[in-house]
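A quick write-up on the structure given underneath.
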Amino acid sequence: MVAGPVGGGMNVELDMVTPVDGVAMSDQGAPARHRRWRPHLLDVVAVGIVVVAFALPLRGLLRYQGPPMEEGFMLAFPQEVLRGSVPNEDFLHLYGPGSLWVLAGAFKAFGTSLATERWFGLLQHAGIVFGVWAVARYWGRRTATVCALVSLVIVVPPIGLTALAWNGGVALALWAVFTAARPGVVSNRRLVVAGVLAGFALLYRPDLVLALGLGLGAALWRPTVARLRPLLTGLVAGVSPILVHLAMAGPAAAFEGMFVEPVFRLRPGRSLPVPPSWDELDGFLQKAAGLRTLGWSLPAPTSAQQVAVWFYLVPLSAVFVAAVGVWSCRHRPDDPRSRLLRAVGFLGLGMLTQAMQRPDTAHFAWVSCIPLALVPVAVHQLLPRAWGAGSWRRFVVATAPVVFVVVGLIPHYTVRTYVDLTGQSFGRNVFGYPVNHRGRNFYYGSADAAAAANELVADLGAWSQPGERLLVGPVDFRFTPYSDAFFYYLFPDLVPATRYIEMDPGIANAPDSGLAAEVAAADWLILSNVWSNWDEPNTSREPGSDEPNQVVRDRFCLVGEYGDRDGEPWFELYRPCDQVDAADGS
């Protein structure tokens, strides 16, 4: 018996081993089994490289433009939770309550601010990236570092540090599967922890149930009652707070909000062509982002072509990693890494529905941040054992394909944006225009729109009274493709007058949505013209109910127009006519 480093750089007792790049190998070439962990200095260096990669664009990310609706509602929803509002019952929320509860706790502890939300989003991204590192570490620290960096440049650029529920749920799901499947003795304690993490992931995103079922099932292939019991015990414990939510919101409202609305009512207005168009971008937000020109000196497909290529890379990478995991379990049963590779591969397969439901770069990134980033470990597993686990030839052959993908095939949405964000951290080509109100700020993507918004919030701040009801919507309520939900965050003293803080086509503008009554009960309306030219090949451009517009025409008076967008204001501010007087500044 000799001692040597293994797995994540841990020291264990091994039979006839030769450590290579920190991974202990048996005389058959398979990683030796280990019993106890001890950190290795070179692993600290490898993790430090990933930390630096996070740090380089951080300053730019903290003051970068935010998605007005997605980041807006991740600022407004926890704020409403702290006010006592209940997701699904008091406001539309299409996912589990877990992320809102945790973010509300962060706001309570550190203050409700854009910085708090984005630091929390950074923590969620780090959970994914370092989860990938932990998995890939069993194939060597150099490979693990490359896999983590690839995951980072995939998951961060599309939507910045926005603390979306999906990213938090994926991080928890990855660590759940890793805990259950990593090499070593599978103890009851490990399975309980894995189950708890899986339960937390479902609190964030119930639609991760398929991915978790496949990933944990692959981790416990041919499970026995003795192995299932601790896993299910942890799962029930982790997901049990959902009972609190069901009691507060009511089973019917919770079921409709978390299952009926996102699965059946949302899809027609959010879907995009499958496969994506080769010669033009289909998603409106991608088109808007494309208006900002960024240089890229290396040869690459057009932006639209990169989206189309990425569409195929997502399932190919997921199937490849899972298939290699299955092959390895059958042909290399002596290799304790095989079960881990199979489990994370099946986790990636279960996430594919997220990418296919709306094939755009954000959804592709949210899925491929795991399977595409782990392609090098699957290639590693296929290479001849005679090459040596720590050889540079093995490392280069394993990592070169995925490096080529992010640099040569889809750089516009990965490496190029990462480089741009890093440059912004150092003052180069800074993008994002602040909208400020009483110590709160949000970064908008248009200088003109931001200037108009600043004028609006100054007026509304001067004229409004705490406790009055604010509704933010489009200038034409027949079309509800998007929302400037960040205004609710800028005015914490005003109460949202609508449950549709997030505006979705086919839901908010449906005849039975109740939006008209909510408009009628509002004290202030901010109507946005920013998204009036929304154009996607789905039902989002089909007109809905005109009743809210009629309420505006009958009961409200225009008290302010802000900015000029091709002859139309960027924003309009309305007040009920019976409340308009000299004190309103009209």
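Just so you know, residue 1 is the first one in the sequence shown, and it goes up from there.
Looking at heavy atoms from C-beta onward, Asp504 lies out of side-chain contact with Glu261 at the 4.5 angstrom threshold. Leu208 places a side-chain heavy atom less than 4.5 Å from the side chain of Trp166. Counting only heavy atoms from C-beta outward, the side chains of Val177 and Phe346 never approach each other to under 4.5 Å. Within the 4.5 Å cutoff, the side chain of Pro241 has heavy atoms near those of the Leu203 side chain. Here the side chains of Gln381 and Asp335 are in contact, with some heavy-atom distance below 4.5 Å. Taking 4.5 Å as the limit, some side-chain heavy atom of Leu382 sits within range of a side-chain heavy atom of Phe320. Looking at Cys329 and Trp221, their side chains never come closer than 4.5 Å, going by heavy atoms from C-beta outward. Pro67 is listed as a side-chain neighbour of Thr162, based on a closest heavy-atom distance under 4.5 Å.
Nearest heavy-atom pair across Val239 and Leu202 is CG2-CB, 4.1 Å. A pairwise comparison of heavy atoms in Met258 and Pro97 identifies SD-CD, 4.2 Å as the closest pair. Taking all atoms of both residues into account, the shortest heavy-atom contact from Leu272 to Asp360 is CD1-CB, 4.0 Å. Across every non-hydrogen atom of Ala485 and Ile501, the tightest pair is CB-O, 3.6 Å. Of all non-hydrogen atoms in Ala318 and Leu352, the two that sit nearest each other are CB-CD2, 4.0 Å. Considering all non-hydrogen atoms of both residues, Phe311 and Pro276 come closest at CG-CD, 3.4 Å.
Using modelled atom types, one side-chain atom of Ser425 and one backbone atom of Leu56 make a donor-acceptor pair closer than 3.5 Å. In this structure a side-chain-to-backbone donor-acceptor pair under 3.5 Å is present from Arg339 to Ala180. Looking at Arg190, its side chain does come within 3.5 Å of a backbone N or O of Val185 through a donor-acceptor pair. Side-chain atoms of Glu89 do not come within 3.5 Å of backbone N or O of Met248 as any donor-acceptor pair. Asp90 places a side-chain N or O within donor-acceptor distance of the main-chain N or O of Val86, the cut-off being under 3.5 Å. Arg332 places no side-chain N or O within 3.5 Å of a backbone atom of Ser338 that could act as its donor or acceptor partner. Within the 3.5 Å criterion, the main-chain N or O of His412 finds a donor-acceptor partner in the side chain of Thr417. A side-chain donor-acceptor contact under 3.5 Å links Thr116 to the backbone of Gly111. Under a 3.5 Å cut-off, the side chain of Ser151 and the backbone N or O of Ala148 do not form any donor-acceptor pair. Between the side chain of Arg358 and the backbone N or O of Arg270 there is at least one donor-acceptor pair closer than 3.5 Å.
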Q. Hey, mind stepping through Leu313 and Trp310 against side-chain contact (heavy atoms from CB on, under 4.5 Å) and telling me if it holds?
A. CA-CA 5 Å; Leu313 287 173; Trp310 203 350; 4.2 Å; yes
Q | Stepwise side-chain contact (heavy atoms from CB on, under 4.5 Å) test for Val307 and Phe364 | A | CA-CA 9 Å; Val307 174; Phe364 294 162; 4.0 Å; yes
(Q) Please evaluate residues Val146 and Phe395 with respect to the criterion side-chain contact (heavy atoms from CB on, under 4.5 Å), reporting the C-alpha separation (whole Å), side-chain torsions for both, the decisive distance (0.1 Å), and the verdict. (A) CA-CA 10 Å; Val146 171; Phe395 167 72; 3.7 Å; yes
Q.
Assess the residue pair Leu341 and Val321 against the criterion (side-chain contact (heavy atoms from CB on, under 4.5 Å)); give the C-alpha distance rounded to whole Å, side-chain angles, the decisive distance to 0.1 Å, and a yes or no.
A. CA-CA 7 Å; Leu341 183 59; Val321 173; 3.7 Å; yes
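Taking the ring axis of Trp139 as reference, the NZ or CZ atom of Arg394 does not stay both within 45° of it and closer than 6.0 Å to the ring centre. Geometrically, Arg337 does not engage Tyr138 in a cation-pi contact, judged by NZ or CZ lying under 6.0 Å from the ring centre and within 45° of the ring axis.
A side-chain contact (heavy atoms from CB on, under 4.5 Å) with Cys147 is found for one member of Thr143, Thr145, Leu149 and no other, namely Thr143.
For the atom pair CZ of Phe120 and CG of Leu123, the computed distance is 6.5 Å after rounding to the nearest 0.5 Å. Note that CG of Leu197 and CZ of Phe200 are 7.5 Å apart. Values are rounded to the nearest 0.5 Å. The CD atom of Gln306 sits 7.5 Å away from the CD1 atom of Ile410 when rounded to the nearest 0.5 Å. In this structure, the separation between CZ on Phe107 and CG on Leu75 is 5.0 Å, given to the nearest 0.5 Å. Atom CG of residue Leu191 and atom CZ of residue Arg229 lie 12.0 Å apart, to the nearest 0.5 angstrom. Atom CD in Glu117 sits 7.0 Å away from atom CE in Met74 (nearest 0.5 Å).
By the neighbour-count criterion of 12 heavy atoms within 6.0 Å, atom CH2 of Trp119 is sparsely surrounded, having that number or fewer from other residues, nucleotides or ligands. No more than 12 heavy atoms of other residues, nucleotides or ligands shown are found within 6.0 angstrom of CZ on Arg189.
In this structure, Tyr95 and His93 have perpendicular ring planes: the angle between them is above 60°, well past the 30° mark. Note: Phe73 and Phe77 have parallel aromatic rings, judged against thresholds of 30 and 60 degrees for the angle between ring planes.
Between Trp133 and Phe130, a ring centre-to-centre spacing not shorter than 6.0 Å is recorded.
No donor-acceptor contact under 3.5 angstrom links the side chains of Gln79 and Thr112, judged on distance only.
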